[in-house]
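Residues: numbered from 1 along the sequence shown. Just the heavy atoms: all of them, side chains too, but no hydrogens, waters or symmetry mates, feed the values below.
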Amino acid sequence: MSVKKSLCVILLPASILLLLPVHLAYRNHVQLDTLAPRSELVITPSKDQVAAFEVLNREFQSPYDADGCYNVTPDFVAAHSDYTIFKYEKSHKTFLLYDGQVYGLGEDWAMSDISSVALADLNKDGKYELYFTFLWGSGLPRSQVGYFNPANKKVTVFDQPVYISDLMLTMTEGGVLCVNTVTSDYYDKTSYVDYVVRAKELVGTITLEMNHITARFDQTILEQKPDLIRSMENMDTGQKILYQIKRFLYKLGINIYE
């Protein structure tokens with residue numbers, strides 16, 4: 001037997017033994033059932049854990065006086081995960097408390113208003129990701145969907161803005177995570193921490209495709225854009241760079257729009 005064949009005979013069983021625990025560990029992960037409203041989500045504020053959270057979140061400085069902070073974690077999220085969600089009533093800033101760390105939800109550089117949340121284990125690792133919808137922007141508000149992945153403790157926002165409506169996460173009887181527009185009564189709310197949001201038109205789904213969590217939206221919905229947005233998309237390279245610089249400065253607290 002040649003030296004090459006001898007090495008193959010020795011290394012192949014060793015490789016199988018090394019990979020077997022990884023394979024078994026993956027098989028032992030049971031995908032968790034998606035948890036989301038079927039058509040309606042009720043957000044009820046409380047002061048539970050708020051004092052302790054504000055100690056952890058002391059770096060945040062609201063631009064509003066007496067900006068009350070509330071625990072707005074829905075019951076199904078509190079009962080099935082270690083996520084706790086806090087929201088400031090005036091600034092609409094929303095934060096996630098997980099494993100002793102604070103994470104911002106939504107866009108950092110502009111006012112973001114979280115409208116709904118859901119739990120799903122789309123990457124099938126046996127841990128719930130926290131999915132959320134939010135509205136942001138000054139003058140030209142747009143709605144987007146994002147999620148927090150506990151595996152890498154990162155927030156990801158899908159780059160597919162919807163301009164015609166706020167968005168809400170729902171689920172089908174089969175457990176598919178869906179994205180819907182909201183009914184008009186959502187805009188009659190008098191509080192941003194105490195409200196009811198109801199689903200209207202189905203506009204997208206969030207699934208796992210080729211090992212990547214992916215949002216798929218109805219293209220006709222995405223194409224409904226204000227004229228100003230269309231003009232921004234047609235900006236030349238210099239204008240786009242200037243826009244990015246302005247956005248970066250805003251994140252640093254330098255508001256050149258005033």
Side-chain angles (χ1 to χ4, degrees), residues 29-45 71-85 87 94 96 98 103 105-106 112-136 142-152 154-162 164-187 189 192-222:
H29 285 154
V30 177
Q31 183 178 9
L32 302 174
D33 294 333
T34 297
L35 296 174
R38 292 294 178 86
S39 62
E40 178 181 287
L41 175 65
V42 179
I43 296 296
T44 304
N71 184 334
V72 294
T73 313
D75 290 342
F76 75 91
V77 173
H80 295 91
S81 74
D82 294 325
Y83 298 131
T84 310
I85 305 167
K87 188 175 185 180
T94 307
L96 170 66
Y98 176 72
Y103 304 88
L105 300 181
S112 296
D113 184 23
I114 302 295
S115 52
S116 73
V117 295
L119 295 175
D121 179 22
L122 298 186
N123 60 11
K124 304 178 184 181
D125 66 353
K127 296 181 180 180
Y128 275 124
E129 304 96 48
L130 177 72
Y131 292 83
F132 59 94
T133 57
F134 67 102
L135 180 78
W136 70 280
R142 78 259 357 234
S143 296
Q144 288 181 260
V145 181
Y147 70 95
F148 174 81
N149 185 351
N152 57 19
K154 290 185 178 180
V155 176
T156 299
V157 174
F158 298 113
D159 188 23
Q160 293 151 304
V162 173
I164 63 170
S165 172
D166 278 76
L167 298 175
M168 177 186 176
L169 297 168
T170 63
M171 60 176 283
T172 66
E173 290 186 3
V176 177
L177 186 59
C178 301
V179 185
N180 298 72
T181 57
V182 304
T183 56
S184 59
D185 57 344
Y186 172 72
Y187 302 104
K189 65 183 184 296
Y192 288 91
V193 296
D194 188 357
Y195 60 87
V196 179
V197 55
R198 298 180 179 89
K200 188 179 179 182
E201 180 184 5
L202 174 66
V203 296
T205 58
I206 304 174
T207 58
L208 186 72
E209 298 181 11
M210 303 295 291
N211 291 321
H212 291 285
I213 297 174
T214 305
R216 295 289 182 188
F217 284 87
D218 182 341
Q219 189 59 37
T220 61
I221 297 295
L222 297 179

Item to check | side chain to side chain donor-acceptor pair (under 3.5 Å) evaluation trace for Thr73 with Thr84 | outcome: CA-CA 6 Å; Thr73 313; Thr84 310; 4.9 Å; no
Taking all non-hydrogen atoms of both residues into account, name the closest pair between [X] and [Y] and its distance.
| X | Y | answer |
| --- | --- | --- |
| Ala36 | Ala118 | CB-CB, 3.6 Å |
| Pro37 | Phe76 | CD-CZ, 4.3 Å |
| Val72 | Lys87 | CG2-CB, 3.9 Å |
| Tyr128 | Ala120 | CD2-N, 3.5 Å |
| Met168 | Ser116 | CA-OG, 3.3 Å |
| Asp125 | Glu129 | OD1-OE2, 4.2 Å |

Checklist entry - Do Ile164 and Ile221 pass the side chain to side chain contact (heavy atoms under 4.5 Å, CB included) test, and can you show the C-alpha distance, the side-chain angles, and the key distance before you say yes or no? => result CA-CA 8 Å; Ile164 63 170; Ile221 297 295; 3.9 Å; yes
Item to check | Option among Leu177, Val157, Leu169 that satisfies the side-chain contact (heavy atoms from CB on, under 4.5 Å) test with Val145 | outcome: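 Answer after filtering Leu177, Val157, Leu169: Leu169.
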Next on the checklist: Using the rule side-chain contact (heavy atoms from CB on, under 4.5 Å), only one of Leu32, Val77, Asp33 pairs with Leu119; which is it?
Outcome noted: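 When side-chain contact (heavy atoms from CB on, under 4.5 Å) is applied between Leu119 and each of Leu32, Val77, Asp33, only Val77 qualifies.
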Could you check if a side-chain atom of [X] sits within less than 4.5 angstrom of a side-chain atom of [Y], using non-hydrogen atoms only?
| X | Y | answer |
| --- | --- | --- |
| Tyr187 | Ser165 | yes |
| Val176 | Thr34 | no |
| Tyr131 | Ile213 | yes |
| Cys178 | Thr172 | yes |
| Arg38 | Met171 | yes |
| Tyr147 | Leu122 | no |
| Phe148 | Lys154 | no |

Next on the checklist: I'd like to know whether Val196 forms a side chain to side chain contact (heavy atoms under 4.5 Å, CB included) with Ile43, so could you lay out the CA-CA distance, the side-chain angles of the two residues, the decisive distance to 0.1 Å, and finally the verdict.
Outcome noted: CA-CA 6 Å; Val196 179; Ile43 296 296; over 6 Å; no
Checklist entry - salt bridge (Lys or Arg N to Asp or Glu O under 4.0 Å): which pairs involve residues 194-204, sequence neighbours left out? => result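 As it turns out, the salt bridge (Lys or Arg N to Asp or Glu O under 4.0 Å) pairs with a partner in residues 194-204, which skip direct neighbours, are Glu40-Arg198, Asp185-Arg198.
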Item to check | Residue pairs fulfilling salt bridge (Lys or Arg N to Asp or Glu O under 4.0 Å) with at least one residue in residues 204-216, sequence neighbours excluded | outcome: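 Applying salt bridge (Lys or Arg N to Asp or Glu O under 4.0 Å) to every pair that reaches into residues 204-216, excluding sequence neighbours, yields Glu209-Arg216.
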Nearest-0.5 Å distance, [atom1] of residue [X] to [atom2] of residue [Y]:
| X | Y | atom1 | atom2 | result |
| --- | --- | --- | --- | --- |
| Asp113 | Leu105 | CG | CG | 12.0 Å |
| Thr214 | Leu208 | OG1 | CG | 7.0 Å |
| Asp82 | Leu130 | CG | CG | 12.0 Å |
| Asp218 | Gln160 | CG | CD | 11.5 Å |
| Tyr195 | Thr44 | OH | OG1 | 10.0 Å |

Item to check | Residues which pass ring pair (Phe, Tyr, Trp, His ring centres under 6.0 Å) with Phe132, listed by chain and number, not counting sequence neighbours | outcome: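 Once residues adjacent in sequence are excluded, the partners of Phe132 under the ring pair (Phe, Tyr, Trp, His ring centres under 6.0 Å) criterion are Phe134.
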Checklist entry - Once the angle between the rings of Tyr83 and Tyr98 is folded into 0 to 90°, is it parallel (under 30°), tilted (30 to 60°) or perpendicular (over 60°)? => result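 The arrangement is tilted - the two ring planes meet at 30° to 60°.
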Item to check | Neighbour count >12 (heavy atoms, 6.0 Å) for atom CG, Asp75 | outcome: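 Open: at most 12 neighbouring heavy atoms sit under 6.0 Å from CG of Asp75.
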Checklist entry - Can you check side chain to side chain contact (heavy atoms under 4.5 Å, CB included) on Val162 and Leu222, steps first, answer last? => result CA-CA 6 Å; Val162 173; Leu222 297 179; 4.1 Å; yes
Item to check | Thr133 and Val197: CA distance, side-chain angles, deciding distance, side chain to side chain contact (heavy atoms under 4.5 Å, CB included) verdict | outcome: CA-CA 12 Å; Thr133 57; Val197 55; over 6 Å; no
Checklist entry - So, Ser115 versus Asp166: side-chain donor-acceptor pair below 3.5 Å or not? => result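 No, Asp166 and Ser115 have no side-chain donor paired with an acceptor closer than 3.5 Å.
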